[in-house]
Structure formats: structure tokens, C-alpha cells
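Structure first, commentary second.
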Amino acid sequence: MRRLRKGAGKAVQALAGLILLVLGLCGFFALPASYATYPVVPPKEGAPRWVRGAFHVHTTRSDGRGSPLAVARAAKAAGLDFVLLTDHNDFTPPAPTWVDGVLLVPGVEISTSAGHLIAFGMERPLEGMQRWMPAGDAVHAVHAAGGTTVLAHPVQRHNPWTDSESASQAKGFELYSADTFFRHAMRNPMSRLLPAVGAYLANPMHGVMVLVAPEPEPGERFMELAREQPQLAFCAHDAHGLPSYESVFRSLAMYLPPAQVPAPLPSDAKAAAALVTGALRGGGALCSFRALGEPEGFALEGVDPERREARVGDVLSVRLPGIPDVDTVRVEVWGEGRLGQDGTSVELTGPGVVRVEVWVKGPGRFFGSEWRPWIVPSPVRVLPRGPGI
């Protein structure tokens, strides 16, 4: 009995020591977080306002921590105009509605045999739906209902997308996913998770941004699919309420071009939802990690705005928003394009697809800094030179 008590006492001491160590490490990262300042890029006055919202959000209708009302209130506090709700296998979601000044747009995250699929913008009811149905059947059913399909967190160890044929049929791809960032941090507790938790205690926005650590696999897979057919790039909140809805909503958002969706949105919820979903599926929407700065004023010039196409030999021009500092902002290019010496022009070098993003050097995990994605538009298809060119 004494041995058992002695062993239990040592176990309690070890556990207490571990807890104190974790708390100490969290405090170590909380201190610099209190000095992290956002936005990194100050806004420039006069740019037209883009309607902004959250994409891929869960509520108590599935595994989220907050009710639709709580989500709407968090979105309002974060300055968002809409939230696309995507509760798991919610095949009969409610109609679009305004809640506390925020438009709640219905969608669904479908569990298929090959992974999870986001569906939104359905014009007719989904038919023949069930959990873990064949992936191709799910994609076809959504398209038959007039909806748009997006591969949810398609390249991650937990619920990746595993079917190549249906992947090429989907219209969009979650290029950056808060859920994927979090799971990456879970696999790297000392270098990512503890710094994020510590930072979150002092500065929730910085805590979320510490998690933003892109890996190459999603981008590589996305480019493969985009070469097969046009693809839409999405940044997904995949918000469940932990971290808080508001802190995640303040960190990133999907932005809709003012030429397609002028602010404010119509008071009629159905009409407003049609504008939102039409812009999201049209390719002109972009993602911004808004903690780093608002994207109003950004443009990728030299692209056919409706088809998102250009030709080999064309030069695209990146118009940066806000008041950027050349030492903290850079343009990244993947695919069939080459960045010019001026740092903002992109020469198209061959047929295929080009992906252009703007990255910012933001506050790091401690007192340093890290490069992170800031503005993420959908890629551009590069066509061969036309006759006589």
C-alpha cells in the first residue's frame, strides 16, 4: 500500500511539474505576443469597400460550439457581412437569413467515401444524399442541384481527399485551411502549438496567426488540378468555436469584388445570398489574411476578369493595396509565370496556369518575424499565343 501511495505521489508531482512547465512555456510566448501589432500594412483611404465574410463554418447544428445566432454575433463583432454555414451532412439547411445584421448563407459539408466536400449555392434540393456516399456521386448531385463543390482540407492526414477522378470534377479547393494549420500545429507541439496557445492568451489574433504556417503539399496538388480544369482557391475558416469564432473571423476572410457585389448587401436575404454565392463561384473573389491588412485596392491587372484567362507573353501587374513597405511585402508566383525585377509584374511564360499571391512579413512566434500569405486570388489560366501574335 505504501508503495502504491508513494508511486501515486510521484505521479502527481510529475503531472504538476509538467503542467507548470507548459504554463511557463505559454507565458514565455504570451509576453512577446502582447507586443505584436496588427495590421502590418496600413490601409489606404479611398479604396472601394469589398463585401467580406467567413467560409466553412460549423454551428450546433453539427459539431460547432456556437448557435447560428452566436456565430452571427461573432461575425458582426469582427466586421463581416456574411457567413457561409457548412454543418456536417446538413442536407436540408435553413434558408438564407439575416441575423443581427449578418447574412447567414446555407451550405453543407458532405462526408463522402473519399473525403469531405463543401457544397453551396444549390438552386434545387439535393437528392439521394447520404453519409459516406461515393465521392463522384456526391459531386454530381451537387452540380445537378445547381451548386458549387469545393474540396475541404483535401491534403491533410485527417480526412484527406483520396479520389483523383472526383477531385478533378470539383470546382474549388481549400488552399489554406485553419483546420489544417491547427492539425499541423498538433503534430509540432513545441514549435507551433505551445507558441500559438501562449500567444492566444495575450493576443487572440496573434495566436491564430501563429498557426498560419503553409506547407507545400496543398499548393502542389492545387496546381495539378488547376492544370486539368479551372479551379477556385478558397481559404477556409473551418471554424468550430475553438479558437473563438471572433478571433478566427478577425484573422482571415473571403472578399467579394465590388464590381459584382456592391456594399451594402440587399436587405432581401435570398437576393443577397445569390449575389454572395455567385461571386464565390465566379472566380473574382479572393481570400485575405486580414489581420495583416485589408485587401481593398488590390488588383491583378491584365487578366480577363470573367474568364480569368490571359495569354503566353502577356504581363500581369499586381496592384498592391494599402501603404506597403517593400521590405515587408512580396509577390509570390507559381506555375507558368516569372516575377519581374520590379517585384509587381508577372510575365506569362507558357501555357498552363499561374498562381499569384501577396505575402507579408508579419510578427513571428517570438520577437522575430515570419513570411505569411496575405492576399490569395484564384489562379489564372494561361492560353497559348493567339494567331498572328
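Quick caveat, the model's predicted, so the values are computed rather than measured.
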#### Entry: Residues forming a ring pair (Phe, Tyr, Trp, His ring centres under 6.0 Å) with Y38, sequence neighbours excluded
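Y38 satisfies ring pair (Phe, Tyr, Trp, His ring centres under 6.0 Å) with H206 once adjacent residues are dropped.
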
Do any N or O atoms from the side chain of [X] and from the backbone of [Y] form a donor-acceptor pair under 3.5 angstrom?
{"X": "N89", "Y": "I110", "answer": "no"}
{"X": "N203", "Y": "A36", "answer": "yes"}
{"X": "E174", "Y": "H153", "answer": "yes"}
{"X": "T328", "Y": "D325", "answer": "yes"}
{"X": "S251", "Y": "S247", "answer": "yes"}
{"X": "N188", "Y": "H184", "answer": "yes"}
{"X": "S113", "Y": "A135", "answer": "yes"}
{"X": "Q229", "Y": "S168", "answer": "yes"}
{"X": "D87", "Y": "D90", "answer": "no"}

Please determine whether a side-chain nitrogen of the Lys or Arg among [X] and [Y] lies less than 4.0 Å from a carboxylate oxygen of the Asp or Glu.
{"X": "D314", "Y": "R385", "answer": "no"}
{"X": "E217", "Y": "R221", "answer": "no"}
{"X": "R381", "Y": "E309", "answer": "no"}
{"X": "E215", "Y": "R187", "answer": "yes"}
{"X": "R319", "Y": "E301", "answer": "yes"}
{"X": "K270", "Y": "E123", "answer": "no"}

### Task
Given salt bridge (charged side-chain N to carboxylate O under 4.0 Å, His left out), test R192 with E370 step by step and report yes or no.
CA-CA 13 Å; R192 282 290 168 190; E370 293 184 42; 3.0 Å; yes

Check whether any side-chain heavy atom of [X] sits under 4.5 Å from a side-chain heavy atom of [Y], and report yes or no.
{"X": "P48", "Y": "E296", "answer": "no"}
{"X": "F249", "Y": "V57", "answer": "yes"}
{"X": "Y176", "Y": "P214", "answer": "yes"}
{"X": "D238", "Y": "F182", "answer": "no"}

## Note on the structure
Between A310 and L316 the two heavy atoms that sit nearest each other are CB-CD2, 4.2 Å

### Task
Please name the pair of heavy atoms, one in P373 and one in L292, separated by the smallest distance, quoted to 0.1 Å.
O-CD1, 3.4 Å

More than 12 non-hydrogen atoms from neighbouring residues, nucleotides or ligands closer than 6.0 Å to [atom1] on [X], yes or no?
{"X": "R49", "atom1": "CZ", "value": "yes"}
{"X": "R330", "atom1": "CZ", "value": "yes"}
{"X": "E127", "atom1": "CD", "value": "no"}

### Query
Can you list the steps and then say if R183 with D179 is a salt bridge (charged side-chain N to carboxylate O under 4.0 Å, His left out)?
CA-CA 6 Å; R183 293 182 185 280; D179 180 70; 3.0 Å; yes

### Query
Quick one: side chain to side chain donor-acceptor pair (under 3.5 Å) partners of T148, sequence neighbours excluded?
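Result, side chain to side chain donor-acceptor pair (under 3.5 Å) vs T148: R281.
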
### Message
Under the rule for side chain to side chain donor-acceptor pair (under 3.5 Å), what residues qualify as partners of T97, not counting sequence neighbours?
### Response
none

### Query
W334 and E332: side-chain donor and acceptor closer than 3.5 Å?
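Absent: no donor and acceptor within the cut-off.
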
### Query
Under 3.5 Å, is there a donor-acceptor pair linking the side chains of S288 and W50?
no

### Ring centres under 6.0 angstrom apart (F55, H237)
no

### Task
Name all pairs fulfilling the ring pair (Phe, Tyr, Trp, His ring centres under 6.0 Å) condition that reach into residues 253-288, sequence neighbours left out, sorted by first residue then second.
none

### Query
If you look only at pairs with a residue in residues 56-101, which of them pass as a ring pair (Phe, Tyr, Trp, His ring centres under 6.0 Å), with sequence neighbours excluded?
H56-H58, H58-H88, H58-H240, H88-H116

### Query
When you look at R73 and L69, which way does the side chain to side chain contact (heavy atoms under 4.5 Å, CB included) test go after all the steps?
CA-CA 6 Å; R73 287 176 173 171; L69 174 59; 3.6 Å; yes

#### Entry: Single hit among K171, H143, Q169 for side-chain hydrogen bond (donor to acceptor under 3.5 Å, both in side chains) with T149
H143

### Message
Ring of W359, cation from R372 - is the NZ or CZ under 6.0 Å from the centre and inside 45° of the axis?
### Response
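Not flagged: R372 not positioned over aromatic ring of W359.
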
### Query
What residues form a side-chain contact (heavy atoms from CB on, under 4.5 Å) with Q130, not counting sequence neighbours?
M133

